[in-house]
Visitor: 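Pasting a structure below so you can have a look.
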Amino acid sequence: MKKVSLLVVISGVVVGLAALALTYLGNPANMGFCIACFLRDITGSVGMHAAAKTQYMRPEIIGLVLGAFIAAVATGEFKAKAGSSPATRFVLGAFVMIGALAFLGCPLRMVLRLGGGDANALVGLIGFIVGVLIGVFFLKRGFSLKRAYAASVHEGSVLPLVSVGLLLLFILVPTLFKLSTEGPGSQHAPFFIALLIALVVGILAQKSRLCMVGGIRDLVLFKSFHLLSGFIAILITVAIGNLILHKFTWGFALQPIAHSDHLWNLLGMVLVGWGSVLLGGCPLRQLILAGEGNGDSAVTVFGMIIGAALAHNFGLAGSADSLNEAGELVVGGISNAGKIGLLIGFVVFIIISLVNLPKKQQASIADKEAA
Amino acid sequence: MIDARGYSCPIPVMMVKKELESNQSGVIEVMVDSRCSRDNIEIFAKSRGYNMEAVEDNGEYRLTLRK
């Protein structure tokens, strides 16, 4: 019985090393990769939000999509498909992003933060697991966003083509884009090195099906450690790397680009875990699937971009812990608007989870609630 | 025959799991349309003591699981 795939473990190790390298080369601390943060930076870079500290054309996103595209085409796995509740996926993607930006990281950054000693990520992980369990509850009762159908090659190529377009525009006309001069958006590894690293990771992620939510989900559903082994490999690699580089600092307060408001860290990641299970994969996996020709995942990514714009235009995103002028800790967190945004997300996810159950399951759950 | 074409992970494996728990004959046939679903079903089938044969036809896979 082969429960652990060597390819998944190798991919996890490479992702961990890549994240360490990107941070070493200039990315923000514990942010070698963060799909949510980097999509948010791209959203700002094209002027869809005005948060001046989070605007950059992150080559990591472009590289992941194109790496997956190259791997899929080269091995005959590119398959254009679409039509599995795309509008619902768009909404799910938007709220997954709002949840991730409340926590200040996608599931992948949650693992990287944990590997850097950020104990808030442990709180996030607990929330993430709770969210996955809620999603699995609905999956077991027949939740489905219905099937996708074969689509035209150009439909399946939308996100790879958008990625190429952004890449060319950024190289040829960089003045088109807004670029942070301070804050996380201004911290980045050299563009082409980051692009190359992300291409390699995109290829491996496509071949291994690496997915942060899939690991916990499959352990619960099928008692399979297959995908979880990648998750653990990333964590161990990053933790060892940070220890060697003296970048491992355990604690809650003042962790890099993180806040220690536990309740909202937890709830943000509940939303991310739940939504990612309903979508069939974490934000990283959505990028990879979109690179393989999945139009529904491309729509999900567009939803995440809108979620990022909403999060910053309406002040929903988390703010990091800081020190005031007297040197006292100011615990970050999310605004009241951010709390309301998350709660709206929970209501929306309950509705989506219920209306996509088979009819008899909807009636059964309604009966139990009435009783 | 389970038709799991077009469904995203993990639904194809869940469809097989449900069938496997009720199927008495020891033989299950599944249609999927992605290599990812094919691989995931194979991993799951092996973990439950089934062998799997896969026949590809124009990007779709006909899988036969035998105890």
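Just so we're on the same page: letters track the sequence lines, and every chain starts at 1.
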Visitor: Side chain, backbone, both or neither: which part of Ser84(A) has a heavy atom under 4.5 Å from chain B?
Guide: neither
Visitor: Under 4.5 Å from any heavy atom of chain B, what part of Asn294(A) do you find: side chain, backbone, both or neither?
Guide: neither
Visitor: Taking the six-membered ring of Phe137(A), is the NZ or CZ of Arg141(A) close enough (under 6.0 Å from the centre) and on axis enough (within 45°)?
Guide: yes
Visitor: Out of Gly6(B), Gly49(B), Ser34(B), Ala4(B), which one racks up the most heavy-atom pairs below 4.5 Å with chain A?
Guide: Gly6(B)
Visitor: Identify which part of Tyr7(B) has an atom lying under 4.5 Å from any heavy atom of chain A, answering side chain, backbone, both or neither.
Guide: both
Visitor: Return the orientation label for the Trp274(A) and Phe349(A) ring planes: parallel under 30°, perpendicular over 60°, tilted otherwise.
Guide: perpendicular
Visitor: Over 60° means perpendicular and under 30° means parallel, so classify the ring planes of Phe231(A) and Phe128(A), tilted if in between.
Guide: parallel
Visitor: Chain B heavy atoms under 4.5 Å from Thr75(A): which part of the residue, side chain, backbone, both or neither?
Guide: both
Visitor: Should the pair Lys46(B)-Glu42(B) be classified as a salt bridge under the 4.0 Å nitrogen-to-oxygen rule?
Guide: yes
Visitor: Report yes if some heavy atom in the side chain of Lys17(B) is under 4.5 Å from a heavy atom in the side chain of Phe222(A); otherwise report no.
Guide: yes
Visitor: Relative to chain A, which segment of Asp33(B) carries a heavy atom at a distance below 4.5 Å: side chain, backbone, both, or neither?
Guide: both
